[in-house]
Amino acid sequence: MDTAERLDLVTRYTDEVVETEELETLLAEGNPSVYIGYAPTGEMHIGHFTTIRKLADFLRADLDVTVLVADLHAHLDDEKSPFELLDARVKYYQEAIEGMVEAAGADPSDITFVRGMDYQLDEEYSLEMYRMAAETTIARTQRAASEVVRESDSPNLGGLIYPLMQSLDVKALDADIAYGGIDQRGIYMLSRELLPEHDHDKPVCLFAPLLAGLTGDKMSSSEDGSKVNLTDSPAVVRDKIDDAYCPMGDVEDNGVLEYVQYLVFPVLDERDESFVIERPDEYGGDLVYEDYQQLEADFESEELHPADLKNATGEYISDVIDPVRERLTDRPELLAEAYPESYE
RNA sequence: CCGCCCUUAGCUCAGACUGGUAGAGCAGUCGACUGUAGAUCGACUUGCCCCCCGUUCAAAUCGGGGAGGGCGGACCA
């Protein structure tokens with residue numbers, strides 16, 4: 001595979017690359033390392049899938065892929081995860097992530113999993129963090145973390161340490177590329193400012209789009225109807241998709257279309273299959289799409305009705321998460337121990 | 001260490017002065033209308049009123065104590 005092909009593979013379905021030229025250089029020089037961090041807080045959902053699915057692309061482009069399960073971050077961010085629950089949540093996150101990697105058509109054993117506290121308490125790391133704290137203003141730190149860390153009238157200090165540590169993680173994991181959802185942009189822009197002062201190259205940043213919620217607003221992890229959970233049964237998935245905001249002909253802020261674009265088609269593409277929409281004869285009969293653009297065009301022209309789109313999408317989404325759901329329901333103790341409140 | 005303020009529905013809060021076991025908005029649920037959803041109508045649901053003790057026929061409300069959170073002061077050899 002030549003550099004142009006790899007570049008295309010690495011960047012497809014992303015929202016932004018900072019900077020493409022830098023990425024191209026990295027790829028031309030060898031096999032760069034990329035990392036993504038997940039703070040094990042709430043239950044994982046289909047939004048995580050869009051970021052994880054791309055790890056399969058990275059592996060195919062011969063990147064060195066590391067997934068950080070950032071346990072300490074999960075606690076630093078307004079104690080989203082109680083300290084005692086970190087172990088259980090790390091276990092659950094790793095299992096869920098491996099399931100999603102597999103569902104995306106890659107081999108989880110090709111990925112290096114790292115747990116935050118395994119190195120974040122090291123003397124060298126700690127000392128460097130203090131030095132970073134000394135040289136960074138509160139305002140700069142807040143601005144960096146504002147999209148990630150929970151907002152509050154009385155913010156905790158942990159939320160300010162959070163972006164500093166995340167920046168340091170790039171160095172500690174020796175990552176050439178920092179990958180994450182576009183919400184992480186602020187933090188990694190800070191990293192690009194800070195790291196050159198700390199003997200590490202500016203990371204190339206790669207951002208995945210954040211899926212719109214199903215209810216018409218931003219996807220909210222606390223609003224159950226706005227997202228599909230990995231453990232949702234096929235019936236629940238269908239219901240959620242059916243309840244989704246989806247105005248006819250409107251391709252903006254349409255959660256259903258985004259699911260189709262960023263989840264269904266990439267996975268179908270991997271399997272070399274097309275998207276089949278079953279439609280009653282009275283409305284024109286079945287439709288078959290080879291790529292998202294065709295589908296979007298038909299939806300925009302109102303040739304494709306939301307009800308038909310929803311029926312098909314519900315099935316495909318359910319199908320995509322099926323192996324992950326099975327993997328998690330096979331080991332119910334993982335969720336039960338990670339979220340004792342919800343699973344008693 | 002001292003002082004002041006806050007804690008009521010999933011969320012934001014009203015009610016407290018003038019005791020009679022609770023309300024609004026948003027969210028949610030269900031119908032109607034749409035070949036989906038939303039919007040719009042119509043209906044509905046929601047509560048250890050932070051905890052304990054006391055006063056009282058009766059306490060979210062008054063008194064005392066406690067917990068959690070916020071703000072300020074003091075201390076700065």
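No hydrogens, no waters, no symmetry mates; every other heavy atom, side chains included, goes into these values. Every chain is numbered from 1, with letters handed out A, B, ... down the list of sequences.
- Pairing partner, A60(B): none, since no Watson-Crick or wobble contact has both distances short of 3.5 Å.
- Here the closest heavy-atom approach between residue T41(A) and residue S81(A) is recorded as CA-OG, 3.3 Å.
- Contacts between residues 298-314 of chain A and RNA chain B, defined by a heavy-atom separation under 4.0 Å, are made by H305(A), P306(A), A307(A), D308(A), K310(A).
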Could you walk me through whether Y92(A) and Y339(A) pass the ring pair (Phe, Tyr, Trp, His ring centres under 6.0 Å) check? CA-CA 10 Å; Y92(A) 157 70; Y339(A) 305 97; 5.6 Å; yes
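- With a 3.5 Å ceiling on both atom-pair distances, U34(B) lacks any Watson-Crick or G-U wobble partner.
- Shown here, G28(B) forms a base pair with C44(B); the pair counts as Watson-Crick or G-U wobble because both key distances fall under 3.5 Å.
- When both distances must be under 3.5 Å, the Watson-Crick or G-U wobble mate of C49(B) does not exist.
- Within the structure, side chain to side chain donor-acceptor pair (under 3.5 Å) pairs that include any residue of residues 19-29 of chain A comprise E22(A)-R192(A) (at least two apart or interchain).
- Pairing each heavy atom of A145(A) with each of P163(A), the nearest pair is CB-CG, 3.9 Å.
- Panel note: side chain D77(A), backbone G159(A); no donor-acceptor pair is recorded below 3.5 Å.
- G31(B) and G38(B) have their P atoms separated by 12 Å, with the value rounded to a whole Å.
- For the side chain to side chain donor-acceptor pair (under 3.5 Å) with R53(A), the lone residue among T50(A), D57(A), T51(A) that qualifies is D57(A).
- Along RNA chain B, the stretch of nucleotides lying under 4.0 Å from any heavy atom of chain A spans, 5' to 3', G35(B) to G70(B).
- Using atom C1' as the reference point in both C11(B) and A59(B), the two lie 27 Å apart (nearest Å).
- Classified by interplanar angle (parallel below 30°, tilted 30° to 60°, perpendicular above 60°), the ring pair F275(A)/F265(A) is tilted.
- Aromatic ring centres of Y38(A) and Y93(A) lie farther apart than the 6.0 Å criterion allows.
- Note: Y13(A) and Y262(A) have perpendicular aromatic rings, judged against thresholds of 30 and 60 degrees for the angle between ring planes.
- The base-pairing partner of C13(B), taking Watson-Crick or G-U wobble contacts with both distances under 3.5 Å, is G23(B).
- Using Watson-Crick or G-U wobble geometry with both donor-acceptor distances under 3.5 Å, C1(B) finds its partner in G73(B).
- With a cut-off of 3.5 Å on both pairing distances, the Watson-Crick or G-U wobble partner of U7(B) is A67(B).
- The same atom, P, is picked in A32(B) and in G70(B); the two are 49 Å apart, to the nearest Å.
- Across every strand in view, U55(B) sits unpaired, with no contact that passes the Watson-Crick or G-U test at under 3.5 angstrom.
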